[in-house]
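In what follows, residues are counted from 1 in the order of the sequence shown.
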Amino acid sequence: MNRCVLKTASIVLCLTGILLARPALAYTLEEFRFDDPKRGAEFRDLIAELRCVVCQNESLAGSQASVAQDLRREIYRRMQEGQTREQIIDFLVARYGEFILYDPPLKPSTVLIWLGPLVLVGAGGYLFIRTLKRKQTEPEPDDLTEEERTRLYQLLPQAEPGQKVCKG
């Protein structure tokens with residue numbers, strides 16, 4: 001019985017170790033070596049500023065997708081060939097569109113992306129303030145008829161006709 005439990009526990013531990021080690025083995029940036037450390041820093045900055053086309057909310061530096069790994073290798077290859085940062089970005093934008101940029105340039109086609117949240121917050125604030133002001137200036141509706149009001153005064157002996165009665 002104890003042998004069976006030990007055997008099962010060791011299998012579970014082995015599988016857990018394999019599953020936990022898998023993401024760590026997926027990729028590292030160690031495979032990308034540059035003679036100039038400045039160029040290596042430029043590479044890391046560039047892949048951190050570009051969006052993974054598969055994961056969408058992850059940068060190329062953080063993505064585990066195979067497309068991101070291929071793009072990292074492509075960027076590395078182009079940098080080894082001596083291409084500039086702008087040439088590499090131009091290539092990627094031509095291939096994948098401006099979607100690949102986390103900070104797309106301000107152009108007529110991207111104005112909505114840049115100014116849309118500001119317009120929405122401003123419109124929401126305007127509507128909120130307008131609603132508050134309207135609530136303050138509007139008198140509370142008096143939905144009692146004259147007969148109901150007279151009946152109410154009869155039921156409340158301390159209230160006088162014409163005296164305001166709290167609603168509630």
Side-chain angles (χ1 to χ4, degrees), residues 1-138 140-141:
M1 182 79 174
N2 284 339
R3 279 184 134 190
C4 184
V5 170
L6 284 174
K7 198 174 193 177
T8 304
S10 64
I11 290 172
V12 168
L13 279 174
C14 286
L15 290 175
T16 304
I18 290 170
L19 289 175
L20 291 176
R22 190 178 184 297
L25 297 174
Y27 89 95
T28 63
L29 293 179
E30 297 297 322
E31 66 181 286
F32 305 108
R33 296 182 187 267
F34 291 88
D35 294 335
D36 184 10
K38 184 178 172 185
R39 197 83 167 140
E42 185 180 342
F43 172 74
R44 283 189 292 279
D45 289 344
L46 183 59
I47 63 173
E49 293 174 12
L50 296 171
R51 184 190 320 260
C52 175
V53 293
V54 174
C55 302
Q56 299 185 3
N57 282 331
E58 286 190 55
S59 68
L60 285 180
S63 176
Q64 300 288 330
S66 61
V67 172
Q69 293 174 8
D70 291 343
L71 286 176
R72 283 191 295 267
R73 280 190 215 105
E74 180 68 21
I75 292 169
Y76 175 75
R77 186 186 63 77
R78 289 178 178 269
M79 288 185 81
Q80 292 294 1
E81 291 175 354
Q83 289 190 8
T84 64
R85 173 188 175 90
E86 288 75 26
Q87 288 174 323
I88 294 170
I89 289 175
D90 289 345
F91 163 75
L92 292 172
V93 168
R95 191 168 187 180
Y96 297 104
E98 290 181 345
F99 173 79
I100 199 160
L101 302 173
Y102 267 121
D103 291 327
L106 184 59
K107 299 184 325 188
S109 63
T110 61
V111 164
L112 192 60
I113 293 171
W114 284 101
L115 301 179
L118 187 64
V119 169
L120 287 176
V121 168
Y126 170 75
L127 290 174
F128 180 72
I129 290 172
R130 195 177 98 188
T131 302
L132 286 179
K133 284 186 176 181
R134 183 176 289 170
K135 279 276 189 190
Q136 289 174 349
T137 58
E138 283 183 5
E140 290 187 22

So, does [X] use its side chain to make a donor-acceptor pair with the main chain of [Y] at under 3.5 Å?
X: Tyr102; Y: Glu58; value: yes
X: Trp114; Y: Pro104; value: yes
X: Arg39; Y: Met79; value: yes

Is there a side-chain contact between [X] and [Y], using heavy atoms and a 4.5 Å cut-off?
X: Arg73; Y: Asp70; value: yes
X: Gln80; Y: Arg77; value: no
X: Leu71; Y: Tyr96; value: yes
X: Leu60; Y: Leu46; value: no

Please report the interatomic distance [atom1]([X]) to [atom2]([Y]), rounded to the nearest 0.5 Å.
X: Ile47; Y: Ile88; atom1: CD1; atom2: CD1; value: 11.5 Å
X: Ile89; Y: Leu50; atom1: CD1; atom2: CG; value: 6.0 Å
X: Leu132; Y: Gln136; atom1: CG; atom2: CD; value: 6.5 Å
X: Arg95; Y: Ile100; atom1: CZ; atom2: CD1; value: 9.5 Å
X: Thr84; Y: Glu42; atom1: OG1; atom2: CD; value: 8.5 Å

Between Ser59 and Ala48, what is the shortest heavy-atom contact and its length?
CB-O, 3.4 Å
Tightest non-hydrogen contact, residues Cys55 and Cys52, listed as N-SG, 3.3 Å
Can you say whether the rings of Tyr76 and Phe34 are parallel (under 30°), tilted (30 to 60°) or perpendicular (over 60°)?
perpendicular
Has Leu127 got more than 12 heavy atoms of other residues, nucleotides or ligands less than 6.0 Å from its CG?
yes
With a 6.0 Å cut-off (strictly less than), is the heavy-atom count around CG of Asp35, excluding the residue itself, greater than 12?
no
Whether Arg78 engages the ring of Phe91 as a cation-pi pair (distance to the six-membered ring centre under 6.0 angstrom, angle to the ring normal within 45°) should be assessed.
yes
Is any side-chain N of the basic residue among Arg85 and Glu49 closer than 4.0 Å to the acidic one's carboxylate O?
yes
